[in-house]
Structure formats: structure tokens, C-alpha cells
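Right, one structure below, let's go through it.
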Amino acid sequence: MSELSLKPGVSLGNYPQRQEATIDDLETAIRQWGERMRKRLGRKRASQRKVMRLVRHHEQALRDCSEAELDVVLDEFRWKLHQHGLQDRAIADTFALVREAAARTLGLRHYDVQIYGGWLMIHGMLAEMQTGEGKTLATSLPACTAALAGIPVHVITANDYLARRDCEILEPLYRRLGLTSSWVTDEMTPDECRQAYRADIVHTTNKQIAFDYLRDRIAMGEDTGDLRFQYRQIQRQINPDTGSQLMLRGLCFAIIDEADSILIDEANTPLIITRVLPNEESAETYSDALFLASLLHVNQDYKLDDKHRSIELTVNGEKNLETHAARLSQLWTNKRKREALVKKALAASLFYKLDRDYLVEDEKVKIIDQSTGRLMPDRSWEQGLQQLIEAKEGCLISEQREPLARISYQRFFSRYLRLGGTSGTLREVAQELHQVYGLQLRRVEPHRKSQRRVAAAKVYRDLDARQDAFLKRVAQLHESGRPILIGTDSVQESEQVSAWLQQLDIQHRVLNARQDKQEADIIKSAGHQAAITVATNMAGRGTDIALGPGVKELGGLHVIALNLNSSYRLDRQLFGRCARQGDPGSAESILSLEDNALANCRGSTILKGLSRLSGSGNPIPPLLSLPFLRRAQRSHEMQQTRIRRALMKQDKRLRRVLAFSGRFE
């Protein structure tokens, strides 16, 4: 991709985006191999020492500049970027300028490691920077440099809270450089979003921008071909009365914070925009389906696959269902429809749990995002599942929805002309990130050596033993005055832990999907002396817990994980809330063999053997338990990888069908 072709203009039109390749898998693999070899040969050019030598060339002169003189330099660098594009010399000069401007406006001067991380990102790579290394400040370097070159920049993060927070933190820097900035979040109206996307730098979430892109595609109707797409966009800009203008200005350059979460963990399911349809079934039909499901027995009438969340009726179950349904309305005489509704009702009853997968607020079922722990009020399950869960909870039955457009994250992010990002937990998924998105990974050494101490996981036989050990540990730490962050895997568990602490009269605060509006206030006080915070994975990524007065001397923040996460990367993210930027801190896991993550291993011989080793409330020796825990996590990671591969294959099939029909998505 030419350095001068990352922005709207004559060559790429008003809505630039990467064209999808029509080559087969073998050709794709050969191209990726060639690109990997090219970047490896250029590794010396991108070393941190070389980058810093380039950046420091103007550093002292910029420090001596007055504000007026700095404005003159800014105009000069902006002109060079517009004329010559993102060339190394121009990037290095601009990085030095942004560093000086940040020191004057934010009181923060980029560390060398942050500059190197920013250098990797603006060159379309991933920078693995340890948690607490200041990734938000590091992203300001490529964002400001690209924006000064006239390139629309999207800074994408995991949730609305972080998008708004990061934009507010960096806004004085953007303003000093003459750049406009905004954030786009879920509660904004379409007109507000459209206006926000006009800014030079836009902070938003992966879900928000992907859905807004789909809305743009829908707005173009049945137009086919990219030339027609560009022509319609120009028409709308010249004469807005012909229809609403599109949301985005194209997919030019994206910087992804928490890249593994967005590009890997959330890429298992496609994003779908739907329209409301009248319900084909009545509320009574959904209630009847739940009633029939309650009459069936596991193993006898149906087989349950917890791992894949699937249900299959046995021959006996089909006969029993036909007998029970004979007393109901004519609808239930249709064998295919009857069995489909009841299987869906069984799934709603067995697989989807209140306060884990969803909340009920104002008599509405609201889905909880499992990767972020946050509510998704505008999202719903499809194919009648949403309505069955509403019937199960006694809520008003909502309308059904019909898909209008869909896109996967793999397909969406591959359309950016340039993509870069950062995270503290990338190396485990480096191969998949390169194969799917063509992104190379470089590790950035920390600015200060980490003082984090992670104790060996303590694994107990059952939940009762885990509870006893956990409460003793909390009481011990609380007596010392150290702040504690307790990680749980669901709203239900966080409230259960809260009840345990209340019984012991231990003051604490809870952060889950119910308290999302108080998130900033809860996080602000979580690092104070003797503070105890019980949180879901809302506190797992991007959360910076500042230590209060005197806490460093006590040993810093202590993190306790009460569950085995589905991936070791998520464990590392939670532990990364402590010991940030050279501060002291510690972490440990207090687990049970009855954890949900080990549900698929319950019948294994190894699990039974481990259970016998943990008598009298003592934990299992780490030498025996740790390999088993890692094996369970790797098994889940492999399953998720297979799901993502299947989604990509489905995407390719769909792309061929849509190409034949002449439609976009």
C-alpha cells in the first residue's frame, strides 16, 4: 500500500477501503510468507535504537522552542507529511514534536518504549507492551502523526468507558496540535455519530464502528461495484437532500488497543444488523415450548453437549414430545417445528443463565457481553431464542428480527488500508493474528522492570473449600491495609462473593454490569488503602487502578482470581491490574475443581485423581494441578480457534454468493 494512498482523495475516492482479494488460500499463504520475509529482512531498520536515534534528532531544538516557534515547526511538519506521506524521516520528526507537545499539555513525556511501540503501530504492526506501560499515551503518537498527514484515524478499544476516557485524556494534546477529536459510543444518535466521525481522530469501540460500517453499506442499497459506491457518496456530499450521508469517511487507518481481545476473543461470532418483524408465534407458544421442555429428561429424552451448546432429541424423546404435544394447539402437530421450538426452549433453560449471560432490567432481557462483562442493551439473540428467554423470565415478549447485513471482524478489519495495535497479551495468538490479518508482532521491553509477584495457583477440591480459603486470605490481606481486587466470572458470582464479605462485615464495592454507570468512581478508589473491589471482567482490560497514599509501602494492590479463565491471556490481563509502571503488587488464583472452566473435564480420570489428593481443605500440590489447568485452557483455546476458522470459511462462501448476486454484504 503506497504511503500516499491512506487518505480520501483522487486515487481512492471519498470512502477508501482495502479491496478484498479474490485469490485462493494457496496464493494467500505465499503472499503472506513473502511479506513476512520482507519484514524480517527489515527488522534492523525498525530496531528501538535506530528509531530513537531518528526521533532525538530534533528533540533538543524542540524543547528550546517557544509556543509560537513550535507552531511554525508544526506547520512545517504537517506540510511535509501531506507532501511526502508517512515516510520514516517525517514520522520520526513528528514523533519528536508530539512528544514535546505532550510534555507541555499533559505533563507527560513519552518514554522510549512508548515511542518504539508507536513506531511499530504506524508501520502496520502489533506492539506487545506489558500492562501498565502507558499504551494509551503510546497510541497518541501514530494517531497524531497520521492525522497531521490528513488520514482519518480510528482509535478502537474494548468498551465505551475506555473510548471516552482515552479521548478526554488526550484531547488537550490533540487540540495543541490543531487536530479535532471525538468519541463515538452506543448511546449516541445517528446524527451525533455522523458528526463525530468528521473529526481527525475518533475514539470508539470495535462493535460500534463495525455496525456503523454495516449501516453505511445498507444505506447504499443494492448498488454494486466500488465505482458506483464512490459515485453515490459524492452525490450525497454535493446534495445532502438526496439521502442521509454515510457515517464514516472510509477505513483508512485503525489503531487497536487490546488487540487480542478485539481481533481474537470477540471474533467468534459475526456482527448482524436486523430489522423488526411481527412475531410469527404468540406468547403462549413460547410458554408451551418451555412447558414441553420441562417434561423431558436428560439422557433419556435428549442428549446434552455442554461444550458446543447443542441438544439432540433421542427417539424416545421424540415420541414423548409428540405425546405431550397432542394436548396442545394445532401448531404442535408439525413435527419439524415442534422439535425445533422445544430444542431451542431446552437451550434457553439449560445454557443461558440469569446474571451470567443476561440481566433483567425494566422487564427486559439484556445480554451481557462475556468478553467485557458489560451490558449490550441493543443486542438480541436470534431465531426465537430471545423470545424464549423472555418467556422464561416472565418479561414482555419482543418482536422477532430478520437479518439485513452481516460481517465478521476478520473481514471488517482486513478492509482497513492500514492496521496497527497493541496489547500486553499477544504472543500466544501471534500466529493467528498474522494468518488472518497479516499483522506482525514485536515485543517491546518494559520501561521499568516489573515488580509483580504471582503466587502459584491454589486449587481446592470443591467450592466450599475454596470459599473458606478465600475468606481467610481476604481477612489476612485486609488486616494489613492492602487494597484487594477480586476477579469473578459473572454478575451472579460477584454478588455471591459480596454476600460472603457482608456476612463478615467487611466493607467493599462491587463492579459488574449493574454498576456500569459508577465504573469510573469505583475504579478511582480501588487502589486506596484497605479498599476491596469485587469485579467481573469489566475490570480486566484497560483499567488503570492508581495506588492511594501509603499503599506502595504496604506492598501495592493484590489481585485474587476466583475462577480459571478460558485462556491464560485473560489470567495475565487480570493480574496486570497490579504492579503497573514499576509499582509493587501481587496476584494469586484461588480455584476449585468445580470451576465452570473445568466442566468438560468432570468425568476425566485425572480430575478424579486430583480430587482424592485434596483432603482436609488443603490445596492440591501446584506441581500436579498446574499442568491440568493449562491443559483445560489450551483445549478451550483450540475450540475457539476452530470456531473462528469455521466462521472464516462461512464468510468466503457467503462472499462468493453475494458477489454472484451483486450485493455488498
Side-chain angles (χ1 to χ4, degrees), residues 18 25 28-48 51 113-114 116-133 135 138-139 142 156-158 206 253-268 371 408-414 416 418-446 450 540-542 565-576 630-631 633-648:
R18 186 184 295 275
D25 292 342
T28 300
I30 293 172
R31 283 192 179 186
Q32 288 180 346
W33 179 84
E35 181 68 11
R36 186 164 63 249
M37 291 298 103
R38 184 185 69 81
K39 289 184 176 180
R40 280 184 179 176
L41 291 173
R43 181 167 294 179
K44 185 176 180 181
R45 180 179 63 86
S47 68
Q48 183 170 331
V51 170
V113 295
Q114 292 171 323
Y116 185 54
W119 183 273
L120 296 174
M121 286 183 261
I122 203 167
H123 283 85
M125 289 185 275
L126 295 173
E128 185 176 61
M129 304 175 67
Q130 288 190 14
T131 53
E133 285 295 296
K135 291 188 285 292
T139 60
I156 300 172
T157 190
N206 47 304
F253 180 38
I255 303 166
I256 304 178
D257 192 11
E258 307 300 350
D260 58 320
S261 173
I262 292 170
L263 298 178
I264 298 294
D265 297 333
E266 298 198 36
N268 291 340
S371 62
S408 65
Y409 280 130
Q410 292 92 329
R411 195 175 178 190
F412 171 69
F413 283 111
S414 295
Y416 271 94
R418 181 162 297 180
L419 191 65
T422 181
S423 178
T425 49
L426 287 169
R427 60 178 178 267
E428 294 92 339
V429 289
Q431 183 177 0
E432 184 175 351
L433 286 166
H434 181 262
Q435 289 175 346
V436 176
Y437 303 99
L439 293 170
Q440 289 282 344
L441 171 65
R442 298 281 178 85
R443 187 172 183 272
V444 180
E445 293 298 324
S450 175
R541 284 188 181 267
N565 281 302
S566 57
S567 167
Y568 184 56
R569 286 184 298 109
L570 301 182
D571 290 336
R572 290 207 289 137
Q573 278 290 343
L574 178 61
F575 294 162
R630 294 291 173 262
R631 179 185 175 190
Q633 288 179 321
R634 283 194 295 271
S635 174
H636 185 271
E637 289 167 356
M638 290 173 62
Q639 178 193 351
Q640 297 302 303
T641 300
R642 287 192 292 269
I643 291 173
R644 290 190 292 272
R645 286 176 179 168
L647 178 59
M648 289 180 64

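- Between Gln639 and Arg642, the side chains place no donor N or O within less than 3.5 Å of an acceptor N or O (distance only, hydrogens not considered).
- Between the side chains of Gln633 and Ser567, no donor-acceptor pair is found at a separation under 3.5 Å.
- Not counting sequence neighbours, the partners of Thr157 by the side chain to side chain contact (heavy atoms under 4.5 Å, CB included) test are Leu162, Ala163, Asp257.
- His123 contributes a side-chain N or O that, together with a main-chain N or O of Trp119, makes up a donor-acceptor pair within less than 3.5 Å.
- One distance of note links CD of Glu428 with CG of Leu441; it measures 10.0 Å at 0.5 Å rounding.
- Taking the six-membered ring for Trp and thresholds of 30 and 60 degrees, Phe413 and Tyr416 have nearly parallel ring planes, at less than 30 degrees apart.
- For Ser408 and Arg411, the side-chain atoms include no donor-acceptor pair closer than 3.5 Å.
- Salt-bridge check for Glu133 with Lys135: failed, with every basic side-chain N at 4.0 Å or more from each acidic carboxylate O.
- Side-chain contact of Glu266 with Asn206: a donor-acceptor pair under 3.5 Å is present, judged by distance alone.
- Between the side chain of Ser635 and the backbone N or O of Arg631, no donor-acceptor pair lies under 3.5 Å.
- In the displayed structure, Arg645 atom CZ is contacted under 6.0 Å by at most 12 heavy atoms of other residues, nucleotides or ligands.
- The shortest non-hydrogen separation linking Ser423 to Gln573 is OG-NE2, 3.6 Å.
- Among all heavy-atom pairs drawn from Tyr437 and Ala267, the shortest one is OH-CB, 4.2 Å.
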